[in-house]
2 protein chains.
Amino acid sequence: MRADALKNHEKIVEVAAQVFSEKGLDAPIDDIATRAGVGAGTLYRHFPTRDDLIDAVVKSWMNQIDAAADQVVASGAPARVALMEWFETYVSRISRNKGGPAKITSAMGKSESPIYSKCETLRLANDRVLSHLRERGELRDGVDSLEVCRLIGGIAVVADQGTLPSDSIHSMLTVVIEGLVSSDHAVGDSSRE
Amino acid sequence: MRADALKNHEKIVEVAAQVFSEKGLDAPIDDIATRAGVGAGTLYRHFPTRDDLIDAVVKSWMNQIDAAADQVVASGAPARVALMEWFETYVSRISRNKGGPAKITSAMGKSESPIYSKCETLRLANDRVLSHLRERGELRDGVDSLEVCRLIGGIAVVADQGTLPSDSIHSMLTVVIEGLVSSDHAVGDSSRE
DNA sequence: CACGAAACGGAGAGACTCTCCGTATACTGG
DNA sequence: CCAGTATACGGAGAGTCTCTCCGTTTCGTG
């Protein structure tokens, strides 16, 4: 790769991250090109589709997902607490940019998507958390990791469009979590309201 | 209203229903105008925004929602069965057109939306089903009707973008249902897999 | 330093939304 | 039945965005 090409590549990703966080993932591509000081043609050569650009932007914070999952597993917290913490992290990460939940969740399980590898990272992290709880017998049978990702993704998508009361996400997550934990693990006192 | 205006109004709604079902709710407005044999100006005068048009199209099948809810209530089925039937109806109705789940669920609770009244119909129907089950003590405490609509809407949104395995929706609904039913109502044999 | 490959950039085509306003048509009173 | 007017029509066109094409510029090597 030529030096000027590399410089432009980095500049575009940097600016895209900025613009995406200001205007959401639907921000005009031309805006990004202009603000990066390159022509539209240059941007499209580096990133043929919008998803390729998103992929590059998202890459930087994806490893935080792994760390969060590992931490939840290591904490050894009971299922309800662990899942709530993990799911809230999951939702907040994919919701970092407006339009993010829809983009990411719709690419889940589609191996041809440019952002598939990021979705895999999410799914595998989720899998680690679920497997850990399953080993301890705290999870209902027949729970599939990909479906849980979609379920949580669905909540994030809904939350992303229009402003929900802040505790609304929490309530929805509670329902899902109750649906996931094994029924022979009674609800603790504090969880009931 | 002048006779020609009325005729155009009806024609536009009829064509829009057709086009929306072919191309989804994002179909070009101009296409609808052309196929209805009117100018763009005419269409926009009748329906200033896309949502106004969607509202008119959706109106026709919204009463089927009420009927479905009433039937589920009248059947007296146990919570898990009743909810599954109701939620599957809910999902399939709002998914009739591509883009429908997102449109409808994002307008949920936003009284300024042109399709708010349709969302209210959905929410109230859902409320009837939930209230009925709550009276019979089959529902967990603290379940809010609007949040359940959003939760199911989230599943529908995810299902709407990209083709999911057909039983995937069923599995996700199962999780939500398990999270909604009261924990002192044990799972029946057939529901476990 | 010169030359070929690599990269640049912006003009412009195509798709879509939405408005504006000159023209045409339906209704009403005489 | 025939104005006259309010109402409605329609499509040209401006604005926005995406994406491509290709003439021009720049890099880096021999």
Side-chain angles (χ1 to χ4, degrees), chain A residues 1-57 97-100 102-103 106-107 112-115 161, chain B residues 1-57 97-100 102-103 106-107 112-115 161:
Chain A
M1 170 122 65
R2 252 167 61 171
D4 54 345
L6 182 65
K7 216 176 85 182
N8 277 333
H9 188 99
E10 285 168 350
K11 182 68 177 174
I12 289 168
V13 173
E14 179 195 324
V15 169
Q18 174 79 17
V19 174
F20 282 157
S21 77
E22 284 171 18
K23 307 193 183 183
L25 295 184
D26 303 324
I29 292 286
D30 280 13
D31 274 17
I32 297 170
T34 305
R35 282 172 55 170
V38 302
T42 300
L43 196 153
Y44 278 100
R45 198 168 341 93
H46 284 285
F47 305 99
T49 72
R50 170 177 237 103
D51 280 1
D52 290 308
L53 186 50
I54 291 172
D55 184 66
V57 168
N97 300 305
K98 184 151 176 50
K103 257 282 157 12
S106 75
E112 73 280 9
S113 168
I115 61 173
Q161 45 190 219
Chain B
M1 172 125 65
R2 248 167 64 170
D4 54 346
L6 182 64
K7 215 175 86 182
N8 277 335
H9 188 99
E10 286 168 351
K11 182 70 178 172
I12 290 168
V13 173
E14 179 196 323
V15 169
Q18 175 80 17
V19 174
F20 282 157
S21 77
E22 284 171 18
K23 307 193 183 183
L25 294 183
D26 303 324
I29 292 285
D30 279 13
D31 273 17
I32 297 170
T34 304
R35 283 173 55 170
V38 302
T42 301
L43 195 153
Y44 279 99
R45 198 166 344 91
H46 285 283
F47 305 99
T49 71
R50 177 182 294 274
D51 281 0
D52 289 308
L53 186 49
I54 291 171
D55 185 65
V57 168
N97 301 306
K98 184 152 176 48
K103 257 284 157 7
S106 76
E112 72 279 10
S113 168
I115 61 173
Q161 46 191 217

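Each chain gets a letter, A, B and so on, in the order its sequence line appears, and its residues count up from 1.
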Residue-phosphate contact under 4.0 Å: B/Thr42 side-chain N/O, D/dA8 OP1/OP2: no
Separation of C/dG10 C1' from A/Leu43 CG (nearest whole Å): 13 Å
Sugar-phosphate only, base, or nothing, as touched by B/Asp4 at under 4.0 Å among non-hydrogen atoms: sugar-phosphate
Sugar-phosphate only, base, or nothing, as touched by B/Arg50 at under 4.0 Å among non-hydrogen atoms: sugar-phosphate
Sidechain-backbone polar pair: B/Asp52 side chain, B/Thr49 backbone, donor-acceptor under 3.5 Å: yes
Integer-rounded Å distance: D/dT16 P and A/Ile32 CD1: 18 Å
Full working for side-chain contact (heavy atoms from CB on, under 4.5 Å) between B/Ile29 and B/Leu53: CA-CA 10 Å; B/Ile29 292 285; B/Leu53 186 49; 4.3 Å; yes
Touch class at under 4.0 angstrom, heavy-atom based, for B/Ala40 against every strand present: base
DNA chain C: 5'-proximal contact among B/Pro28 and A/Gly41 (nearest heavy atom): A/Gly41
Length of the CG-C1' vector between B/Asp31 and C/dT17, whole Å: 12 Å
Integer-rounded Å distance: D/dG11 P and B/Arg45 CZ: 13 Å
Euclidean distance, atom CG of residue A/Asp30 to atom C1' of C/dG12 [Å, nearest integer]: 12 Å
5'-most by nearest nucleotide on DNA chain D - A/Met1 or A/Ala27: A/Ala27
No-H, no-angle donor-acceptor pair, A/Arg2 side chain to C/dA7 base, under 3.5 Å: no
OP1 or OP2 of D/dC9 under 4.0 Å from side-chain N/O of B/His46: yes
Shortest non-hydrogen contact between B/Gln161 and A/Ala102, atoms and distance: OE1-O, 3.6 Å
Side-chain H-bond candidate by donor/acceptor type, B/Glu14 with B/Gln18, under 3.5 Å: no
N/O (side chain, B/Asn8) to phosphate O (OP1/OP2, D/dC9) under 4.0 Å: yes
Ring geometry between A/His9 and A/His46 (parallel below 30°, tilted from 30 to 60°, perpendicular above 60°): perpendicular
